[in-house]
Every structure is written in structure tokens, then in C-alpha cells.
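Side chains are part of it too, since the values below use all heavy atoms of this structure and drop only hydrogens, waters and symmetry mates. In listed order, ligands and their atoms are each counted from 1.
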Amino acid sequence: MRETGCPEETLFSFLSRKRREDLGYRNILSSMCTPPHPVAARAHAMFLETNLGDPGLFPGTADLERLLVRRLGALTHLPLAGGYATSGGTESNIQAFRIAKKRKPTRSPNVVVPESGHFSFQKASDILGIEVRAAPLDAEFRMDVDAVDGLMDKDTIALIGIAGTTEYGMIDPIAHLSDLALDREVFLHVDAAFGGMVIPFLDRQIPFDFRLPGVDSISIDPHKMGMSTIPAGCLLVRDPEYFSSLNVDTPYLTVKQEYTLAGTRPGAPVAAAVAVLEYLGLEGMRAVVAGCMENTRRLIEGMETLGYERAVTPDVNVATFSGDRVPATWRVSRTRAGHMRIVCMPHVDRDVIEAFLEDMSGLDA
Ligand code: PLP
């Protein structure tokens with residue numbers, strides 16, 4: 001660290017230089033994040049110093065967190081769901097594993113996760129000493145639920161379904177998983193970190209949430225399609241009591257116990273997430289999602305015209321193709337199976353899609 005402080009102007013020109021090294025979102029087609037909605041940025045700035053880890057000091061912000069949980073609970077058909085704001089899908093998935101482990105103590109616990117599961121499940125497995133059993137996928141990259149039964153045993157503490165897979169944008173057969181979970185009396189967690197802010201706004205209703213009686217918990221991330229600031233995730237649970245098994249005593253805070261994973265927690269992205277939901281309402285969110293889905297369809301059609309085959313027709317706004325070359329100005333990503341992957345986030349608008357297709361037409365498919 002410097003002995004004497006740096007003049008403010010020098011400091012900020014250093015920071016600006018660093019910021020200019022970052023890529024602008026316009027040509028980023030690989031991310032599940034997007035620039036925050038203007039109301040999110042404004043709300044975030046208002047709540048900069050708030051700490052939800054000590055809610056008694058910030059009762060207004062804590063109220064906004066409860067409002068966020070109520071709104072997301074209503075969206076997932078359980079207005080009285082329990083929940084709290086996490087740092088994102090990773091933390092929500094880890095916490096869901098913790099709950100499942102507490103609910104069914106066993107010497108060598110395992111969970112069944114589809115092969116399409118996000119790598120956060122590996123982290124949860126490592127931290128908590130839980131074996132992850134990978135369930136195969138069907139031809140459309142959805143969890144093959146018929147294979148799940150054979151992977152379960154008396155030490156299976158949870159089943160995981162994905163609603164909006166990271167790589168292919170598919171929704172697992174959650175209704176089928178829900179039946180299995182009820183039948184085998186096992187905890188069912190739905191990772192809707194991405195799809196949770198898409199599926200409720202689609203024209204076609206696809207069951208993935210608390211409407212299905214076997215679903216116990218859901219990860220859902222406002223900092224992805226919710227256009228909040230980062231980090232804004234949410235873990236919802238069917239019964240707020242589920243959290244009590246995670247409680248630890250917190251002697252020096254304004255609350256006596258806490259069940260969250262993080263201690264100090266930012267209120268700013270929570271205010272930002274609420275701001276977007278309130279500002280846009282259902283109507284506004286449906287319009288955003290309809291635009292992203294339309295752009296996904298246009299991208300797929302345009303790519304196929306150029307000779308790039310789709311890997312699958314996605315349920316949400318993630319498109320995947322054969323082919324591996326893209327002009328260097330564009331950022332796309334690759335799935336584990338080697339497909340080119342493009343996420344049609346709100347910043348990937350129609351002009352961006354057309355510009356990308358135009359550049360792709362200069363290459364040989
Ligand atoms: N789950 C799914 C389905 C995801 O797509 C992601 C991230 O892309 C995560 C979990 C992890 O979310 P985060 O990076 O916010 O921790």
C-alpha cells in the first residue's frame with residue numbers, strides 16, 4: 001500500500017483506464033448478465049451503504065428484501081414462500097444443499113443432479129461432503145427422469161432439476177421430478193437461476209415452480225434476466241421453517257440468529273431488483289422476455305440460413321449451434337459438448353443480432 005494517499009484526479013484517471021480495458025456489453029453474446037436497467041442503477045446508488053447482515057440497523061432495506069421475496073414467491077405461485085437475497089445462483093444452490101442435508105441426516109449423503117447442472121453444484125458438493133450423482137440427458141439435453149430412480153438410494157437427500165439450463169436453455173421435466181420426489185419422500189430443489197426470470201413471463205406456461213407439490217426450493221437470480229445490479233440472487237423455500245435448521249447464533253448483531261451463508265450482505269442490489277420489478281410490472285417483464293425470445297428465434301433462423309445447425313430448440317433465450325468460428329470482435333462461448341452458445345440477453349437486441357449475422361455471413365459455415 002502507498003505511504004501517502006494518491007490525489008483524487010490521478011486515482012480516477014487510473015480507474016478510468018482500467019475500466020476502459022473492460023469489454024462493452026454490446027458484442028458480448030456469452031453472458032447471462034446484462035447492463036442493469038436504469039432504475040436498478042438509480043436504486044442501487046441510493047442504498048450503497050446498507051447491510052442486510054444487520055437488518056435491525058436497516059429496517060427499510062430489510063423490508064425491501066421481504067418485498068422481493070414476496071414478489072418472487074408470487075411469480076413462482078407461492079406468495080408466502082420463505083426466502084432471502086443471496087449473492088446469486090451459486091450461493092442459493094449451496095444453501096439448498098445445506099437444507100437438504102439437515103433435513104435428512106445420513107452418513108454418506110448424495111444428490112442426483114442432471115449432467116447439465118451448473119458447476120456451482122460441484123462447489124456445494126465439495127464444501128458439504130455430498131456426493132453428486134449425474135443423471136444423463138435425453139436427446140434434447142433435458143434430464144432423463146427415467147434414469148433418476150436407478151441413481152437413488154437410501155442416502156439420497158435431494159433431487160435437482162434445472163429450469164433454464166446454462167448451456168442449452170432447456171427446462172427439465174420438473175413435473176415428473178416432483179412426482180418422483182413426493183413418491184420417494186426426498187427434497188427437490190429447482191435451479192431456476194436463469195429461467196426463473198424468464199419462464200413466468202412466457203406465453204407458453206411450463207410448470208417448474210411451487211405449483212408442483214414436490215418442489216421444495218428454487219434458485220432465481222434477479223441479476224440475470226431481472227436486470228438488477230450484481231450481486232442479486234434469491235433462494236425461495238416452500239416453508240420458511242426450512243431455514244431454521246441453518247440458524248447460527250449471532251451475539252453481536254441486531255438479530256440473535258442468522259441462516260444466510262454470507263454475513264455482511266449488500267442491500268443495494270436488492271433495492272435494484274425490487275425497483276425493476278415494480279417499475280416494469282408483469283406487462284413490462286413480459287415485453288422484455290418476448291423480445292429476447294423473438295431475437296433468439298431470429299438468431300436461430302439466421303444462423304441456419306448461413307448453414308449453422310441449431311443443437312436444439314431452446315425453451316428459454318439461449319441458442320446453440322454447430323460451428324466454431326466467429327469473427328474476433330464477438331464474444332460467444334462454447335458448451336462442454338463443443339456447441340457455439342449465445343445468450344440473447346436484453347442487450348443483445350435485434351440490431352446486435354443482425355450485425356452478428358452479417359459478420360458471420362463473411363465466414364464459411
Ligand atoms: N445456476 C444456473 C442455471 C446458472 O446458469 C448459473 C450461472 O450462470 C448459476 C446457477 C450460478 O449463478 P451465479 O454465477 O450467479 O452464482
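- The closest approach between His223 and ligand 1 falls below 4.0 Å for a heavy atom of the residue.
- Note: an N/O pair closer than 3.5 Å links Lys224 and ligand 1 by distance alone.
- Across Thr229 and Pro269, no two heavy atoms sit closer than the pair OG1-CA, 3.3 Å.
- Centroid-to-centroid, the aromatic rings of Phe321 and Tyr308 stay 6.0 Å apart or farther.
- Remark: ligand 1 and Gly88 share no N or O pair separated by less than 3.5 Å (distance only, no angle test).
- Residue contacts with ligand 1 for Thr165 are absent, since no atom lies close enough (heavy atoms, distance under 4.0 Å).
- Contact annotation: the side chain of Tyr279 approaches that of His37 to within less than 4.5 Å [non-hydrogen atoms, C-beta and beyond].
- Set against the non-hydrogen atoms of Met32, the atoms of ligand 1 under 4.0 Å away are 5 (O), 8 (O).
- A heavy-atom distance below 4.5 Å is not found between the side chains of Pro114 and Phe141.
- Of all the listed residues (Asp191, Val343, Val190, Ile162), Asp191 holds the heavy atom that lies closest to atom 2 (C) of ligand 1.
- Using a 3.5 Å distance cut-off with no hydrogens or angles, the side chains of Gln95 and Tyr242 do not pair a donor with an acceptor.
- Contact detail for Val274 and Leu67: the closest heavy-atom pair is CG1-CD2, 3.8 Å.
- Within ligand 1, the atoms closer than 4.0 Å to a non-hydrogen atom of Asp221 are 12 (O), 15 (O), numbered from 1 in the order shown.
- In summary, the side chains of Asn317 and Asn295 do not present any donor paired with an acceptor at a separation below 3.5 Å, with no hydrogens or angles considered.
- Ligand-side atoms of ligand 1 in range of Ala193: 1 (N), 2 (C), 10 (C), range being under 4.0 angstrom from any heavy atom.
- Taking both residues in full, the closest heavy atoms of Arg2 and Pro7 are given as NH2-CD, 4.3 Å, listed atom of the first, atom of the second, then distance.
- Geometrically, ligand 1 and Thr166 share a nitrogen or oxygen pair separated by less than 3.5 Å.
- Among Lys123, His118, Glu167, the residue whose heavy atom lies closest to atom 11 (C) of ligand 1 is His118.
- Ligand-side atoms of ligand 1 in range of Thr90: 11 (C), 12 (O), 13 (P), 16 (O), range being under 4.0 angstrom from any heavy atom.
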